Colleague: 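One structure, pasted below without further comment.
Predicted, not measured: the structure shown is a model, and the values here were computed from it.
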2 protein chains.
Amino acid sequence: MAAAARVSRSTVSRAFTRPQLLSPATVEQVLTTAARLGYVGNQAARALSTGRFGNIAVVVPDIANPFFPPLVRSLQLAAETADLAVFLGDSDESAEREAKLIARLAPQVEGFVLASPRLSEQLIRELAATRPVVLVNRDLDGIARVLIDSSGGMTEAVLLLKKLGHQRLAYLAGPRDSWSDGQRRTTLARVSEQAGLTVEVIETGRPSYAAGRESVSAIVRSGATAAIAFDDVVSQGVLAGLEVRGISVPADFSLVGCDDTLAALTTPALTTVSAGAASAGAAAAQLLITLLQSPDGRPADAAAGGEGAAAAGASGAAGGRAGEDGGGGECVRIGTHLVVRGTTAVRGGMVA
Amino acid sequence: MAAAARVSRSTVSRAFTRPQLLSPATVEQVLTTAARLGYVGNQAARALSTGRFGNIAVVVPDIANPFFPPLVRSLQLAAETADLAVFLGDSDESAEREAKLIARLAPQVEGFVLASPRLSEQLIRELAATRPVVLVNRDLDGIARVLIDSSGGMTEAVLLLKKLGHQRLAYLAGPRDSWSDGQRRTTLARVSEQAGLTVEVIETGRPSYAAGRESVSAIVRSGATAAIAFDDVVSQGVLAGLEVRGISVPADFSLVGCDDTLAALTTPALTTVSAGAASAGAAAAQLLITLLQSPDGRPADAAAGGEGAAAAGASGAAGGRAGEDGGGGECVRIGTHLVVRGTTAVRGGMVA
DNA sequence: GTGAAAGCGCTAACAA
DNA sequence: TTGTTAGCGCTTTCAC
């Protein structure tokens with residue numbers, strides 16, 4: 001071990017950030033000494049100097065909703081590979097709190113992933129003008145986004161229910177501000193009409209087990225013999241409510257959930273529209289990373305979303321990317337499909 | 001609106017951080033102008049100057065495990081009230097990754113909440129020597145911690161199973177590094193012996209639906225007629241595996257999960273040991289906030305954990321706090337109790 | 001009650 | 001290849 005030569009401030013800095021500018025020996029020496037002294041660079045000072053923080057934020061309406069944890073998880077894992085630390089914000093399904101969180105986080109993050117944002121379009125656009133933003137399940141032209149397209153799976157669901165002999169469906173709706181809910185309503189209305197079925201939409205505020213359970217009386221009143229719920233948790237609630245009334249599934253009633261979360265893996269297992277939340281998280285992270293790397297805050301090439309699209313493909317659905325649209329926001333679209341399980345058993349149901 | 005007088009740098013700073021030093025009129029004026037201009041202080045610069053970041057980190061082994069989201073959620077909500085932003089780290093059940101995450105986050109957080117850490121005691125102690133650390137479900141003397149004490153609920157579970165006529169139980173174990181798992185094993189062994197029952201421990205690596213499902217052959221081989229699983233997710237897997245083999249629950253077999261997560265709210269609903277993850281999150285946040293506020297990094301008074309204890313009480317269990325022990329780490333203990341639901345129905349079971 | 005000035009620890013020109 | 005210098009935007013004595 002050679003005697004340690006004194007080096008300057010900048011040499012130390014360079015040893016960490018751009019070692020190729022120094023002689024290997026110097027780098028080596030600095031790094032070793034630093035390790036021995038337990039020196040670690042001060043993030044705040046670095047950020048102050050460079051304007052870069054190495055942090056991103058992901059904001060979700062409710063981390064306790066089982067759709068989000070896998071998304072956040074794969075996002076964080078992907079972020080780690082780019083050495084980005086991730087802030088988590090839970091807006092509690094409130095646009096107002098979402099705005100507050102964003103304001104609080106903005107001064108120390110380089111970019112945002114807003115998952116199922118409840119925020120107004122205007123506010124999102126204002127934010128996106130400031131720094132890279134990737135949306136998940138919100139379709140704003142010109143802003144990078146990952147969309148889980150439920151229309152495929154929803155269509156399959158309606159057709160299956162028709163085949164089982166149902167004529168009157170109920171849709172347990174999700175939050176009004178949710179893009180996914182909007183897409184599901186629309187698809188459902190369109191496809192049902194084409195198939196000659198009627199759909200009763202039942203509003204259920206915040207998607208929860210309790211909400212599902214309580215909506216059963218409305219379902220029964222509607223005369224529906226099958227229901228599609230906004231998500232698997234609501235669906236579980238419906239299942240419980242039906243049981244209490246002695247309506248058995250799938251013998252007397254068919255049920256379909258959405259998202260294919262942990263909540264669908266029960267006994268009996270839920271028929272559900274698979275959503276690939278984990279793929280969406282990975283894709284969103286990838287997109288944001290690309291945005292961050294390109295100097296002008298726009299994707300430099302087609303690399304973005306590659307992994308996400310692959311993952312979507314792996315889920316068996318039609319995954320793919322649409323290129324730039326009008327404003328220049330990359331859009332990754334993840335397809336869905338119906339996973340048929342116990343709650344709509346073909347062997348049971350109306351035609352059994 | 002008076003004409004805006006030019007004020008100095010420092011006045012602006014004070015208006016935000018210590019308004020009591022300024023005349024109300026000045027404060028008012030600065031704040032209004034700041035709002036109009038959209039000015040927000042630069043966190044990095046503030047941190048550089050004060051050494052405080054206003055950030056904390058919560059590290060979990062697997063955010064996709066339904067035990068953690070409610071914990072993280074209430075933690076983040078509580079942190080918000082103290083204007084703390086929260087980083088989320090997912091260690092993927094690996095001690096090594098946990099260490100890396102902590103190292104990455106350490107330079108920009110004021111404190112850590114380590115939930116179910118897989119890290120070695122030594123590393124945890126080293127970290128705790130550096131900055132405030134609150135542990136969840138890890139019992140290290142002298143370090144602040146929140147413990148969900150499963151022994152109460154586990155004991156009730158064993159007694160219920162005995163009453164149902166079972167003599168041979170299986171325990172589907174959790175990760176070896178998990179304190180909760182250790183506590184559950186120990187309690188189970190002790191109580192079962194006292195009750196004259198035998199317990200077969202079946203190892204299942206990472207707790208998951210698949211692991212539970214695959215462990216069914218071992219359960220059957222063991223001759224057990226009832227099983228207690230490390231958590232509800234594993235329990236659901238077991239349920240599915242049993243069904244495949246035509247073993248029906250609770251008629252032929254009794255099943256108990258742990259944590260009382262979303263995964264227990266199914267049809268049939270799972271009998272489970274309620275764990276109050278949300279209370280634990282709130283209590284941990286509270287504890288950390290108190291630690292952060294006391295200049296020496298130790299709680300100043302008994303305020304810490306008050307909310308958590310209250311919440312624990314609300315869950316119907318015996319919640320409470322132990323005061324300082326040897327080293328000075330506050331310890332909040334949250335009790336548990338058995339929630340009896342469909343998978344161990346008293347009307348069914350072995351004695352039906 | 002308010003302003004002036006000195007850093008916090010780092011990076012990034014610019015020199016050498 | 002390395003050192004010197006000038007800030008990044010804030011807080012904080014210390015004067016006034």
Colleague: Sub-3.5 Å donor-acceptor pair from the side chain of A:Arg118 to the main-chain atoms of A:Ser91, do we have one?
Modeller: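 Side chain of A:Arg118 to backbone of A:Ser91, a donor-acceptor pair under 3.5 Å: no, none is there.
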Colleague: Side chain to side chain donor-acceptor pair (under 3.5 Å) between A:Thr11 and A:Ser8: does it pass, once the steps are laid out?
Modeller: CA-CA 5 Å; A:Thr11 300; A:Ser8 74; 3.1 Å; yes
Colleague: What is the distance, rounded to the nearest whole Å, between atom CD of A:Glu28 and atom P of D:dT1?
Modeller: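 Atom-to-atom, A:Glu28 to D:dT1, this comes out as 16 Å.
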Colleague: Taking atom P of D:dT13 as reference, at what distance in whole Å does atom CZ of B:Arg9 sit?
Modeller: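 Interatomic distance, CZ of B:Arg9 to P of D:dT13: 17 Å.
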Colleague: Tell me: CG of A:Leu22 to P of C:dA12, nearest whole Å?
Modeller: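 It is 13 Å, rounded to the nearest whole Å.
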Colleague: Pick the nucleotide of DNA chain D nearest each of B:Ala44 and B:Thr11; which residue has the one closer to the 5' end?
Modeller: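 The answer here is B:Ala44.
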Colleague: Grab the CZ-P distance between B:Arg52 and D:dC10 for me, whole Å please.
Modeller: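 From B:Arg52 CZ to D:dC10 P: 16 Å.
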Colleague: Choosing from C:dT11, D:dG9, D:dT12, which nucleotide comes nearest the side chain of A:Leu48?
Modeller: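 Selected nucleotide (nearest to the side chain): D:dG9.
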Colleague: Ignoring the backbone of A:Ser8, work out which of C:dT2, D:dT1, D:dG3 is nearest its side chain.
Modeller: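 Among the listed nucleotides, the one closest to the side chain of A:Ser8 is D:dG3.
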Colleague: From CZ of B:Arg46 over to C1' of C:dG7, roughly how many Å is that when rounded to an integer?
Modeller: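 B:Arg46 atom CZ is separated from C:dG7 atom C1' by 17 Å.
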Colleague: Which sits closer to the 5' end of DNA chain C, A:Arg14 or A:Gly41, going by the nucleotide each is nearest to?
Modeller: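 Taking each residue's closest nucleotide, the earlier one in sequence belongs to A:Gly41.
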Colleague: Do A:Tyr39 and A:Phe16 have their ring centres less than 6.0 Å from each other?
Modeller: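 Yes, the ring centres sit under 6.0 Å apart.
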Colleague: Among the nucleotides C:dT11, C:dG3, D:dT11, which one has an atom lying closest to any side-chain atom of B:Ser49?
Modeller: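 The answer is D:dT11, which lies nearest to the side chain.
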Colleague: Just checking B:Gln20: does its CD atom have more than 12 heavy atoms from other residues, nucleotides or ligands closer to it than 6.0 angstrom?
Modeller: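 Correct, the count exceeds 12.
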Colleague: Rounded to the nearest angstrom, tell me the gap between atom CD in B:Gln20 and atom P in C:dT2.
Modeller: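 Rounded to whole Å, this separation is 13 Å.
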Colleague: Please check if the number of heavy atoms outside A:Glu96 that lie under 6.0 Å from its CD is greater than 12.
Modeller: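 Result for CD/A:Glu96: open.
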Colleague: On the nucleotide D:dT2, are OP1 or OP2 found under 4.0 Å from the side-chain N or O atoms that A:Ser23 carries?
Modeller: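 Looking at the OP1 and OP2 atoms of D:dT2, one of them is under 4.0 Å from a side-chain N or O of A:Ser23.
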Colleague: Has B:Ser10 got a side-chain N or O lying under 4.0 Å from the OP1 or OP2 atom of C:dA5?
Modeller: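 So the side-chain polar atoms of B:Ser10 never come under 4.0 Å of the phosphate oxygens OP1 or OP2 of C:dA5.
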Colleague: When all nucleic acid strands are considered with a 4.0 Å heavy-atom cut-off, which category describes B:Tyr39: base, sugar-phosphate, or nothing?
Modeller: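 Sugar-phosphate, backbone atoms only, no base.
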Colleague: NA contact type, A:Val12, heavy-atom cut-off 4.0 Å: base, sugar-phosphate, or nothing?
Modeller: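 No contact at all - A:Val12 keeps every heavy atom at 4.0 Å or more from the nucleic acid.
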Colleague: With hydrogens left out and only the distance checked, is there a donor-acceptor pair under 3.5 Å joining B:Ser13's side chain and the base of D:dT12?
Modeller: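 By the distance-only test, no, there is no pair.
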Colleague: If you check the B:Ala45 side chain, which of D:dT12, D:dC10, C:dC10 turns out closest?
Modeller: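 Taking heavy atoms from C-beta onward, the closest nucleotide is D:dC10.
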Colleague: Can you tell me how far C1' of D:dC14 sits from CG of B:Leu21, to the nearest Å?
Modeller: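 Atom-to-atom, B:Leu21 to D:dC14, this comes out as 14 Å.
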Colleague: In terms of side-chain heavy atoms of B:Asn42, which of D:dC10, C:dC10, C:dA12 is nearest?
Modeller: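 From the listed options, D:dC10 comes nearest.
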Colleague: Report the distance from atom CZ of B:Arg6 to atom P of C:dG3, rounded to the nearest whole Å.
Modeller: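 Nearest whole value for this atom pair: 10 Å.
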